[in-house]
Undergrad: 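One structure follows; several queries about it will come next.
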Amino acid sequence: MSEKRITILGIESSCDDTSAAVIQNELILSNVVANQKVHEEFGGVVPELASRAHQQNIIPVVDLAIKRAGIDRTDIDAVAFTRGPGLLGSLLVGTSFAKGFSLSLDIPLIEVNHLQGHVLALFIRENGIEYNPPKFPFLCLLVSGGNSQIILVRDYLNMEVIGQTIDDAAGEAFDKCAKVMGLPYPGGPHVDRLAKEGDPNRFEFSRPKIPGLDYSFSGLKTNFLYFLRDQIKENANFVEENKADLCASLQHTIIEILLSKLKRAAKETGIKEITIAGGVSANSGLRNALKDNAAKYGWNLIIPKFEYTMDNAAMIAISGYYKYLKQEFTAQNTVPFARTQL
């Protein structure tokens, strides 16, 4: 897109993963992620522990990303960081580091919306791998622990949310239902693994009747909880004896809810260029269902690599690149935000 080689350092610290990446134009040079295992014993992310871990991880992670990229820090043209949405304490660590890095090298500072970053991860180029980004306009199903949205993407920085959850996100439904079954945190991957061994039609769970393209998952969570409560009264070992079927049926329900609205959006807009992004897009059942629908409806389906579905700085760096081209820089007095839209 640009003849000049523009090198961007990306910083991501919106939740519990500290990540730094270096990108030259769309080509990824490095992407380092430090995970935080401390939250597993609590069954969810503890914000105070997350921000403390970011403080410990941020400098070594950035240093490693620069070394792996094979560049000197003076080669960096700008630093991009996640401004939000996310956990405020975690965001403050990344924002503060990015500001200091920008000042020390006298290079531009670029703020990135975390949700926009998930979408733009679809444009990351890797050496030796065929480059097949989506063509504009396209629809992106963004599904994660905190968001479930259908986004109409007209250009790199021109996106419109045409459908979104009115309460809980799909990823939260996976994690919370997994928790009541006694599965470790994060529960989504464990549900995915067990679902492969179960019968997706064994149990029937509620599907919300929400008008338009919006989603709702709170009713499903409640229905699942009450169903388990009633069954355990009859058989104390019900969950353990039926865990695979429960996971398969739960996953099948969530996927059907997600795809019913995506199919409607594709029909209403006439767009057949379909993509997926966010942590839940790593779910194998969702990926397979999307492929089946793509074959049935003639969609051109683009599915990102696994490492770019989770929170990572590569998606922040490439977002920063597109903003750099438009000279969309950020002032040093910018503060992070916990909640926002695209």
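These numbers come from the heavy atoms of this one structure, side chains and all, not from hydrogens, waters or symmetry mates.
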Undergrad: Could you tell me if the side chain of L194 sits less than 4.5 Å from the side chain of L183, heavy atoms only?
TA: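 In short, these two side chains touch, coming nearer than 4.5 Å.
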
Undergrad: Rounded to the nearest 0.5 Å, what separation is found between the CG atom of D167 and the NZ atom of K221?
TA: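 Result: 8.0 Å between the selected atoms.
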
Undergrad: Show, in sequence, the C-alpha distance, side-chain angles and deciding distance for E273 and T275, and conclude whether the side chain to side chain donor-acceptor pair (under 3.5 Å) test is met.
TA: CA-CA 7 Å; E273 195 83 0; T275 66; over 6 Å; no

Undergrad: Could you check whether any side-chain N or O of Q327 sits under 3.5 Å from a backbone N or O of Y324, counting only pairs where one atom can act as donor and the other as acceptor?
TA: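 Looks like yes, one N/O pair under 3.5 Å.
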
Undergrad: Should we count CG of N127 as having more than 12 external heavy atoms under 6.0 Å?
TA: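 12 or below, so no.
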
Undergrad: Determine, step by step, whether K263 and W299 satisfy the side-chain contact (heavy atoms from CB on, under 4.5 Å) criterion, reporting the C-alpha distance in whole Å, the side-chain angles of both residues, the deciding distance to 0.1 Å, and the verdict.
TA: CA-CA 10 Å; K263 286 185 282 187; W299 295 346; 3.8 Å; yes

Undergrad: Are N147 and H118 close enough, and set up right, to give a side-chain contact (heavy atoms from CB on, under 4.5 Å), and what steps lead you there?
TA: CA-CA 11 Å; N147 300 279; H118 272 303; over 6 Å; no

Undergrad: Without swapping roles, check the side chain of R207 against the backbone of F205 for a donor-acceptor pair under 3.5 Å.
TA: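 Side chain of R207 to backbone of F205, a donor-acceptor pair under 3.5 Å: yes, one is there.
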
Undergrad: Evaluate whether atom OH of Y131 has more than 12 neighbouring non-hydrogen atoms of other residues, nucleotides or ligands under 6.0 angstrom away.
TA: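 Yes, because the 6.0 Å sphere around OH of Y131 holds more than 12 heavy atoms from other groups.
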
Undergrad: Report yes if some heavy atom in the side chain of S102 is under 4.5 Å from a heavy atom in the side chain of Q332; otherwise report no.
TA: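 They are in side-chain contact.
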
Undergrad: Taking the side chain from R287 and the backbone from S281, do they hold a donor-acceptor pair closer than 3.5 Å?
TA: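 Answer holds: yes.
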
Undergrad: Got Y322 and V112 here, is their nearest side-chain heavy-atom distance under 4.5 Å?
TA: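 Answer no - side chains too far apart.
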
Undergrad: As an exercise, state the distance from CZ of R202 to NE2 of H252, rounded to the nearest 0.5 Å.
TA: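 These two atoms lie 15.0 Å from each other.
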
Undergrad: Going by heavy atoms in the side chains, are L250 and T253 under 4.5 Å from each other?
TA: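 No, every pair of side-chain atoms sits at 4.5 Å or beyond.
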
Undergrad: Which heavy-atom pair separates I274 from A266 by the least distance, and what is that distance?
TA: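 For I274 versus A266, the nearest heavy atoms are CD1-CB, 4.2 Å.
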
Undergrad: Side-chain contact, heavy-atom cut-off 4.5 Å: I254 with V191?
TA: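 They are not in contact (no side-chain heavy atoms under 4.5 Å apart), so the answer is no.
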
Undergrad: Establish, yes or no, whether a centroid distance under 6.0 Å links the rings of F136 and F138.
TA: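 Yes - the distance between ring centres of F136 and F138 falls below the 6.0 Å cut-off.
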
Undergrad: Identify the heavy atoms of P208 and S216 that sit nearest to each other, and give their distance.
TA: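 That would be CG-O, 3.2 Å.
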
Undergrad: Evaluate the salt bridge (charged side-chain N to carboxylate O under 4.0 Å, His left out) criterion for residues E328 and K326: first the C-alpha distance (whole Å), next the side-chain angles of each, then the deciding distance (0.1 Å), finally the verdict.
TA: CA-CA 5 Å; E328 292 188 11; K326 291 184 175 291; 5.8 Å; no

Undergrad: Testing the basics here: between F337 and L91, what is the closest heavy-atom pair and its distance to 0.1 Å?
TA: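 Here F337 and L91 meet closest at O-CD1, 3.3 Å.
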
Undergrad: Where do N31 and S19 land on the side-chain contact (heavy atoms from CB on, under 4.5 Å) test, with the steps shown first?
TA: CA-CA 7 Å; N31 186 36; S19 182; 3.6 Å; yes

Undergrad: Determine, step by step, whether K261 and L141 satisfy the side-chain contact (heavy atoms from CB on, under 4.5 Å) criterion, reporting the C-alpha distance in whole Å, the side-chain angles of both residues, the deciding distance to 0.1 Å, and the verdict.
TA: CA-CA 10 Å; K261 295 301 180 82; L141 176 63; over 6 Å; no

Undergrad: Salt bridge or not for D175 and K179, using N-O below 4.0 Å?
TA: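 A salt bridge is absent here (no side-chain N lies under 4.0 Å from a carboxylate O).
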
Undergrad: Any sub-3.5 Å donor-acceptor pair from N293's side-chain atoms to A289's backbone N or O?
TA: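 It does hold such a pair.
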
Undergrad: Whether the side chain of S13 engages the backbone of S90 through a donor-acceptor N/O pair (distance < 3.5 Å, no angle test) should be reported.
TA: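 Yes; at least one donor-acceptor contact below 3.5 Å.
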
Undergrad: Is any side-chain heavy atom of H54 closer than 4.5 Å to a side-chain heavy atom of L87?
TA: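 With C-beta onward as the side chain, the pair stays apart.
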
Undergrad: Supply the atom-to-atom distance R229 CZ to E234 CD, rounded to the nearest 0.5 angstrom.
TA: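 Output value for this atom pair is 12.0 Å.
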
Undergrad: Taking all non-hydrogen atoms of both residues into account, name the closest pair between S14 and T82 and its distance.
TA: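 Heavy atoms only, the tightest pair is CB-CG2, 4.0 Å.
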
Undergrad: For R264, which residues count as a salt bridge (Lys or Arg N to Asp or Glu O under 4.0 Å) partner, sequence neighbours excluded?
TA: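 For R264, the residues satisfying salt bridge (Lys or Arg N to Asp or Glu O under 4.0 Å) (neighbours in sequence not counted) are E268.
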
Undergrad: Is there a donor-acceptor pair closer than 3.5 Å between any side-chain N or O of N25 and the backbone N or O of I6?
TA: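 Judged by distance alone, yes, a pair lies under 3.5 Å.
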
Undergrad: Between the side chain of S249 and the main-chain N/O of D199, is any donor-acceptor distance below 3.5 Å?
TA: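 It does hold such a pair.
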
Undergrad: Between K323 and L157, is any pair of side-chain heavy atoms under 4.5 Å apart?
TA: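 K323 reaches L157 side chain to side chain.
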
Undergrad: Are V161 and Y215 in one and the same hydrophobic cluster, where Ile, Leu, Val, Met, Phe, Trp and Tyr link if side-chain heavy atoms are under 4.5 Å apart?
TA: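 No, it is not one cluster - the side chains of V161 and Y215 are not joined through contacts under 4.5 Å.
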
Undergrad: Tell me if a side-chain donor or acceptor on R83 pairs with a main-chain N or O of V335 at a distance below 3.5 Å.
TA: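 Yes; judged by distance alone, with no hydrogens or angles, the pair exists.
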
Undergrad: Linking I/L/V/M/F/W/Y whenever any side-chain heavy atoms sit under 4.5 Å apart, do L262 and L115 land together?
TA: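 Not linked; separate clusters.
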
Undergrad: How long is the span from the CD atom in E307 to the CG atom in N312, to the nearest 0.5 Å?
TA: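 Taking CD in E307 and CG in N312, the distance rounds to 8.5 Å.
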
Undergrad: Does the D17 side chain pair with the main chain of V33, one donor and one acceptor, at a distance under 3.5 Å?
TA: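 No, D17 side chain to V33 backbone: no donor-acceptor pair under 3.5 Å.
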
Undergrad: Does a side-chain heavy-atom distance below 4.5 Å link I276 with L301?
TA: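 I276 vs L301: side chains apart.
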
Undergrad: Indicate whether any N or O donor in one side chain lies under 3.5 Å from an N or O acceptor in the other, for Y156 and Q116.
TA: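 Judged by distance alone, the side chains do not pair up.
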
Undergrad: Are there more than 12 heavy atoms of other residues, nucleotides or ligands under 6.0 Å from atom CZ of R73?
TA: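 No, not enclosed.
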
Undergrad: Clusters formed by hydrophobic residues whose side-chain heavy atoms approach within less than 4.5 Å: which one holds F97, and what are its other members?
TA: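 F97 shares its hydrophobic cluster with L9, I11, V22, L27, L29, I58, I59, V62, I66, I71, I76, V79, F81, V93, F101, L105, I107, L109.
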
Undergrad: Roughly how far apart are H114 NE2 and L142 CG, rounded to 0.5 Å?
TA: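 Reported to 0.5 Å precision, the distance equals 8.0 Å.
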
Undergrad: Can you give me the closest heavy-atom contact between A169 and S144, atom names plus distance?
TA: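 Taking every non-hydrogen atom into account, CB-O, 3.6 Å.
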
Undergrad: Using atom types as modelled and distance alone, determine if a side-chain donor or acceptor of N242 lies under 3.5 Å from a backbone N or O of F238.
TA: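 Checking the backbone N and O of F238 against the side chain of N242, a donor-acceptor pair under 3.5 Å is found.
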
Undergrad: Treat each ILVMFWY residue as a node, draw an edge where side-chain heavy atoms are under 4.5 Å apart, and state whether L258 and I162 are in one component.
TA: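 Yes, because L258 and I162 connect within a single hydrophobic cluster, where side-chain heavy atoms sit under 4.5 Å apart.
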
Undergrad: Considering all heavy atoms of both residues, which atom of N223 and which atom of S206 are nearest to each other, and what is their separation?
TA: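 Looks like OD1-N, 2.9 Å.
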
Undergrad: If Ile, Leu, Val, Met, Phe, Trp and Tyr residues are connected whenever their side-chain heavy atoms lie under 4.5 Å apart, and connections chain through other members, are Y185 and F217 in the same group?
TA: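 The answer is no; the residues belong to distinct hydrophobic clusters.
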
Undergrad: Determine, using the 4.5 Å side-chain heavy-atom cutoff (strictly less than), whether L122 and M310 are members of one ILVMFWY cluster.
TA: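 They do not share one cluster, since no chain of ILVMFWY contacts under 4.5 Å joins L122 to M310.
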
Undergrad: I need the I255 CD1 to N283 CG distance, nearest 0.5 Å.
TA: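 Answer rounded to 0.5 Å: 5.0 Å.
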
Undergrad: For the side chain to side chain contact (heavy atoms under 4.5 Å, CB included) test, which of I8, I316, I124 pairs with Y321?
TA: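 By the side chain to side chain contact (heavy atoms under 4.5 Å, CB included) criterion, Y321 pairs with just one of I8, I316, I124: I8.
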
